[in-house]
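Let me begin by presenting the structure, written as structure tokens, before commenting on it.
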Amino acid sequence: MRHKAGYHGRFAPSPTGSLHFGSLVAAVASYADALHHQGSWLVRMEDVDESRSVKGSADEILHTLEAFGFEWDQPVLFQSQRKTRYQEILQWLWQEKYTYACSCSRRKIARQARMGLEGPVYPGSCRQTTTDKVLGKAIRIRTNREEICFEDRIQNRHCQVLERDIGDFVIHRADGYTAYQLAVVIDDADQGITQVVRGADLLLSTPRQIYLQQLLGFPRPEYAHIPLVTDAQGRKLSKLDRAHPLSADNPLPSLKAAWAFLQQPPFLQQPGSVQEFWQWAASAWDMGRISLPSCRQCATTQTPSHPQ
Ligand code: GLU
């Protein structure tokens, strides 16, 4: 039944701990959307930042996903094995002069910068440097004043002017690791991803990713950012949060809770197994039912209004 249309979705957990209810919600949304569109669905292990990877957690996440009935269509892609490819792209961006090396400390940047949408906007101190000595330095990409807009399938239209709202951002870190923003763009393109369904914490990253896609001539996937699961204090659940453990031995209650969180149609008949749950999910899934929470954070992130 799968793989009819040119739909290619993915789930991309970072192996920094066990899967929690918040990541399950993201996985359910992306898998149900792929099943509903008879598309393919991939899992990518985002272990690009090896300093944050927790030993054993990649295996544990994959085991949990299996127990919850997720099936992926290709072997799992590990970012830690893609360094040569990232280096090749980084080299190209460098040759084209889209990037420059920067050794400014966070403290120095914070002192000089004004605040943007996600913290201090790098003031561009090293923009004019022409040094080829990059060892131990971060590599930043030059941003510009063109407005980048996209239509999110859930969060509607979003626009950013990167130079104003974010600043020249790091694509290769001083500690030698490729930054998430670059790795994710290369991987989504190489894996032929057409639909990105993920948590709303990455909504503000999307224009950076679109910008890199434009520079690299990669196609732009469609995006859907699902509302975040928060704790009683309104904070995003983290993998360190032990309050919402997932039980691989008893997956159905968590799957049903994720379905309810995503405001999906009530079951006509209660699923008695994980297979029955996914059968229902494949036919009943309706992304249009997901409404935005009316929260303070959403109000401030939807329309950036920053002075020029
Ligand atoms: N690796 C990211 C996370 O675990 C997700 C990145 C993405 O979906 O683009 O939050």
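Treat the numbers as computed from the prediction; the structure is a model and nothing was measured. Atoms within each ligand, like the ligands themselves, are counted from 1 in listed order.
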From the list V43, T64, L24, V274, side chain to side chain contact (heavy atoms under 4.5 Å, CB included) partner of F70 resolves to L24
Under a 3.5 Å cutoff, is there a donor and acceptor pairing between the side chains of S80 and E50?
no
Hey, is L202 touching ligand 1 through its side chain, its backbone, both or neither, going by heavy atoms under 4.0 Å?
side chain
If we count only N and O atoms by modelled type, under 3.5 Å, do the side chains of Q191 and R10 hold a donor and an acceptor together?
no
Looking only at distances, please establish whether an N/O atom of ligand 1 is found under 3.5 Å from an N/O atom of R198.
yes
Test item: side-chain donor near acceptor, S40 and H8, under 3.5 Å:
yes
Examine ligand 1 and decide if any of its atoms is less than 4.0 Å from a heavy atom belonging to F11.
no
Is the closest heavy-atom distance from R10 to ligand 1 below 4.0 Å?
yes
Counting only nitrogen or oxygen atoms and a 3.5 angstrom limit, does A12 reach ligand 1?
yes
Need the ligand 1 atom indices (1-based, order shown) with element for anything under 4.0 Å from a heavy-atom of S14.
1 (N), 2 (C), 3 (C), 4 (O)
Going by the atom numbers of ligand 1, which of them fall below 4.0 Å from some non-hydrogen atom of Y180?
6 (C), 7 (C), 9 (O)
For the Cys pair C159 and C149, is the SG-SG distance shorter than 2.5 Å?
yes
Does any N or O in the side chain of D33 come within less than 3.5 Å of the main-chain N or O of A29, such that one atom is a donor and the other an acceptor?
no
Which of the atoms of ligand 1 are close to V184, meaning less than 4.0 Å from one of its heavy atoms?
9 (O)
